[in-house]
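These notes are about the structure you will find just below.
Below, chains carry the letters A, B, ... as their sequence lines are ordered, and counting in each starts from 1.
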Amino acid sequence: MADATNKPGVDFIRARIIEDNATGRYNGRVHTRFPPEPNGYLHLGHAKSICLNFGVAKEFSGQCNLRFDDTNPTKEEQEYVDSIRCDVRWLGGDWQDREFYASNYFEQLYAYAEQLISLGKAYVDDLSAEEIREHRGTLTEPGRESPWRNRSVEENLDLFRRMRAGEFADGQRVLRAKIDMASPNLVMRDPTLYRIRHAAHHRTGDTWCIYPMYDYTHCLSDSIEGITHSLCTLEFVNNRELYDWVLETLGAYRPQQIEFARLNLTYTVLSKRKLIQLVKEGHVQGWDDPRMPTLCGLRRRGVPPEALREFCSRIGMARADSTVEYSMLEFCMREHLNANAARALAVLDPIKVVVENYPEGQVEEFDMPYHPEDKSYGSRKVPFSRELFIERDDFRMEPPKKYHRLAPGAEVRLRYAYFITCREAILDDAGNVVELRCVYDPESRGGQSPDGRKVKGTIHWVSAPHAVPAEIRLYDQLFAAENPNAAPEGQTFLDNINPESLMVVEGQLEPALATLPVGEKIQFERLGYFCKDKDSSAARPVFNRTVTLRDTWAKQEKKS
RNA sequence: UGGGAUGUAGCCAAGUGGUAAGGCAACGGACUUUGACUCCGUCAUUCGAAGGUUCGAACCCUUCCAUCCCAGCCA
């Protein structure tokens with residue numbers, strides 16, 4: 001056991017669990033929870049927590065609950081709980097029948113609060129929010145006690161019951177823990193436990209007009225559910241003292257809170273406030289805009305859940321603040337998609353090619369494998385004719401050194417089809433290439449010449465009369481700056497939005513692509529991975545680019 | 001300025017007294033009917049800094065420095 005904790009790859013949380021199991025601290029039980037507040041959509045930061053909590057439970061034959069931390073009725077909505085359920089399931093979190101809500105425990109929490117009052121550990125305070133703030137002191141000065149701090153248990157009980165009964169207006173009184181107004185930890189300076197809010201709750205309706213605060217609710221919810229390891233992010237380190245205080249004071253079962261660093265990613269923002277702003281101000285087209293780091297956005301973009309899980313495992317788990325490079329995420333997308341996406345041909349920026357020596361009106365079909373390394377994907381027939389489209393970038397009037405695509409007089413292979421040689425480029429008045437006149441070598445059918453002659457380049461193509469036009473959405477980073485939050489004086493993260501984060505082009509697809517189901521992921525050979533979007537219609541498919549293929553040539557060319 | 005947390009390569013991250021894992025990125029090269037994939041190679045004499053203890057320190061001690069979190073009736 002002890003040596004298992006020293007194995008590389010075991011993070012500090014798992015090491016702790018192994019140790020707890022070894023000492024029998026929870027009798028070998030491992031029970032975690034993923035506790036989102038239903039006030040927004042889940043994003044990559046939550047993915048880290050989902051993978052941790054559900055992952056740990058699975059690895060140690062334990063359980064993980066889904067718990068909605070719904071203690072603030074003014075911010076929470078059913079829409080969010082629905083989306084959260086959907087996103088967690090998509091990522092692979094399985095909470096079985098253990099879907100809980102902090103609001104399930106309101107009655108129990110209330111009883112505990114009365115107990116705290118009876119113990120002389122909580123009191124009703126008449127101070128206003130502002131007065132409480134003034135009494136709290138500052139980072140360097142101790143706070144002052146409220147004049148209402150030493151009311152009798154009877155008076156406190158009476159007042160608290162009347163708070164519940166709705167006798168007071170919002171903000172008129174709160175229930176506070178009686179701890180230590182001079183504590184160097186501000187969280188411990190008589191924290192608020194209950195506040196009055198005459199607001200309908202999305203689950204409990206008008207049953208309550210007082211609502212418990214996070215610090216009071218979370219520890220007790222964990223305790224009630226028998227959680228063993230309560231995993232949360234670093235900003236809650238200061239709250240742990242209160243977490244323990246509440247449970248200890250009430251003599252309740254005590255799980256342990258363990259904090260880890262939250263995820264930061266380059267070229268993106270992961271704060272709920274900023275994400276909401278992007279949606280509300282129309283900088284993106286919604287929570288599921290494929291440029292959003294939300295789970296629904298990533299899903300729509302075509303990112304497989306497996307890639308996200310792999311990403312979460314690769315970034316590790318530690319307590320140091322960190323910012324992971326976006327390229328790590330891209331690597332995980334490509335790694336999974338390369339092994340799991342079928343291939344097809346699509347031309348996104350077409351130039352017409354006329355194969356002069358190919359008989360007019362003739363059409364033949366090539367059988368092409370859907371996956372070059374996995375025969376189980378099968379194959380499909382792709383039509384070939386006298387008129388084709390190839391990628392504009394695959395032709396140069398004056399090819400640079402080491403360019404092994406098409407140029408006047410140059411020969412290339414059309415993927416799985418024939419060798420062609422360019423005879424002539426037809427230009428318009430502005431000097432743009434409008435058409436290429438080529439000849440093919442009939443002997444090279446399938447892409448190999450019997451004389452053993454080699455061509456360096458292989459390019460993709462579609463048959464013009466058979467091609468299916470489609471809307472292709474080319475996504476790039478939403479932000480142009482590595483750290484969008486580092487905006488110059490007088491600017492905000494919004495000024496770092498990448499104006500070219502979305503480019504829409506009209507592409508030409510091979511026919512088999514027309515019938516793909518929405519959500520299907522596919523590699524357009526030599527271009528990248530794409531996913532059919534829900535905006536598709538029968539007449540007009542729409543594809544989102546998930547991520548490009550690595551492009552060593554483009555990088556090399558840019559350098560010189 | 002009080003308290004808490006954290007500093008290992010461009011990024012993430014192991015390592016917890018015996019002489020710096022791994023991954024991403026980058027850069028070379030091989031292979032290639034995707035300039036993809038795959039494969040091979042290069043990439044920390046040094047662990048925030050300075051002192052100290054020790055035969056031996058990224059690990060222990062001291063001081064300092066830097067970054068992050070906390071003054072909601074948000075979570």
Side-chain angles (χ1 to χ4, degrees), chain A residues 6-11 35-37 39 69 71-72 74-76 125 127-130 132-134 136-143 170-176 183-189 191-197 210-211 213-215 217-218 232-241 259 261 266 272 311 313-332 334-335 338-339 343 345 372-373 402-405 412-417 419 446-448 454-460 523-528 548-557:
Chain A
N6 293 327
K7 267 186 201 153
V10 174
D11 58 65
E37 181 188 15
N39 70 340
D69 222 333
T71 58
N72 186 352
T74 60
K75 286 190 171 178
E76 298 149 7
D125 196 343
L127 253 30
S128 68
E130 195 170 324
I132 287 180
R133 180 165 21 93
E134 286 162 3
R136 186 150 26 228
T138 68
L139 294 177
T140 51
E141 306 155 28
D170 287 6
Q172 204 172 127
R173 290 183 225 266
V174 290
L175 183 72
R176 289 229 259 168
S183 173
N185 181 357
L186 294 251
V187 171
M188 299 300 276
R189 318 244 263 228
T192 300
L193 267 22
Y194 271 88
R195 75 285 215 184
I196 300 170
R197 279 254 210 291
I210 57 173
Y211 290 93
M213 299 286 289
Y214 164 84
D215 282 309
T217 307
H218 205 91
C232 62
T233 43
L234 242 24
E235 65 268 30
F236 291 102
V237 170
N238 294 321
N239 302 246
R240 188 174 64 226
E241 193 179 354
E259 311 84 8
T266 56
K272 214 171 254 186
F311 174 70
S313 116
R314 275 175 188 264
I315 59 177
M317 189 59 63
R319 283 170 73 83
D321 293 319
S322 62
T323 302
V324 176
E325 288 180 349
Y326 193 84
S327 58
M328 185 93 91
L329 215 208
E330 286 188 319
F331 173 84
C332 295
R334 292 187 183 118
E335 183 188 44
N338 176 50
R343 316 288 143 118
L345 302 183
E373 284 152 28
K402 291 199 186 153
Y403 182 85
H404 38 246
R405 279 115 95 148
V412 295
R413 170 168 37 235
L414 295 176
R415 179 80 160 153
Y416 296 125
F419 288 2
Q448 264 168 312
K454 300 269 188 251
V455 291
K456 270 174 284 179
T458 301
I459 65 174
H460 56 98
Q523 181 191 108
F524 290 171
E525 292 213 29
R526 301 212 301 134
L527 297 173
T548 61
L549 255 33
R550 279 187 58 198
D551 193 345
T552 314
W553 166 248
K555 194 189 290 177
Q556 209 177 103
E557 199 182 19

Handout entry: Nearest-angstrom distance, C1' atom, B:G28 to B:C43
Key = 11 Å

Practice task
Take atom OH of A:Y194 and atom C1' of B:A75, then tell me their distance rounded to the nearest Å.
Solution key: 16 Å

Exercise for the section: Using a cut-off of strictly less than 4.0 Å, decide whether A:R173 has a side-chain nitrogen or oxygen near OP1 or OP2 of B:C73. Expected result: no

Exercise for the section: Could you give the distance separating B:U8 and B:G3 at their P atoms, to the nearest angstrom? Expected result: 24 Å

Practice task
Please indicate yes or no: is the ring centre of A:W553 less than 5.5 Å from the centre of the six-membered base ring of B:G35, with the two planes inclined by under 30 degrees?
Solution key: yes

Problem - Sugar-phosphate, base or nothing in reach of A:R413, heavy atoms under 4.0 Å - result: base

Fill in the blank from the handout: Here the gap from A:H218 atom NE2 to A:F236 atom CZ, rounded to the nearest 0.5 Å, amounts to 7.5 Å

Exercise for the section: Classify the nucleic acid contact of A:H404 as base, sugar-phosphate or nothing, counting any heavy atom under 4.0 Å across all strands shown. Expected result: base

Practice task
Could you tell me whether the side chain of A:R195 has a donor or acceptor atom within less than 3.5 Å of a complementary atom in the base of B:G72?
Solution key: no

Exercise for the section: State whether the distance check finds a donor on one side and an acceptor on the other, under 3.5 Å, for side chain A:E141 versus base B:U1. Expected result: no

Problem - B:G2 and B:G56, which share atom name P, separated by this distance in whole Å - result: 37 Å

Practice task
Specify the separation, in whole Å, of atom OH of A:Y326 and atom P of B:C24.
Solution key: 18 Å

Problem - Conformer about C1'-N of B:G17 - syn within 90° of 0, anti elsewhere - result: anti

Practice task
Rounded to the nearest angstrom, tell me the gap between atom CZ in A:R240 and atom P in B:C69.
Solution key: 18 Å

Exercise for the section: Could you work out the separation of B:C24 and B:A14 based on their C1' atoms and round it to a whole Å? Expected result: 15 Å

Exercise for the section: Check if the side chain of A:E325 and the base of B:G10 share a donor-acceptor pair of N or O atoms closer than 3.5 Å. Expected result: yes

Exercise for the section: Would you kindly check whether a donor in the side chain of A:N238 faces an acceptor in the base of B:G3, or vice versa, at under 3.5 angstrom? Expected result: yes

Problem - Under 3.5 Å side-chain donor-acceptor pair for A:S128 and A:E130 - result: no

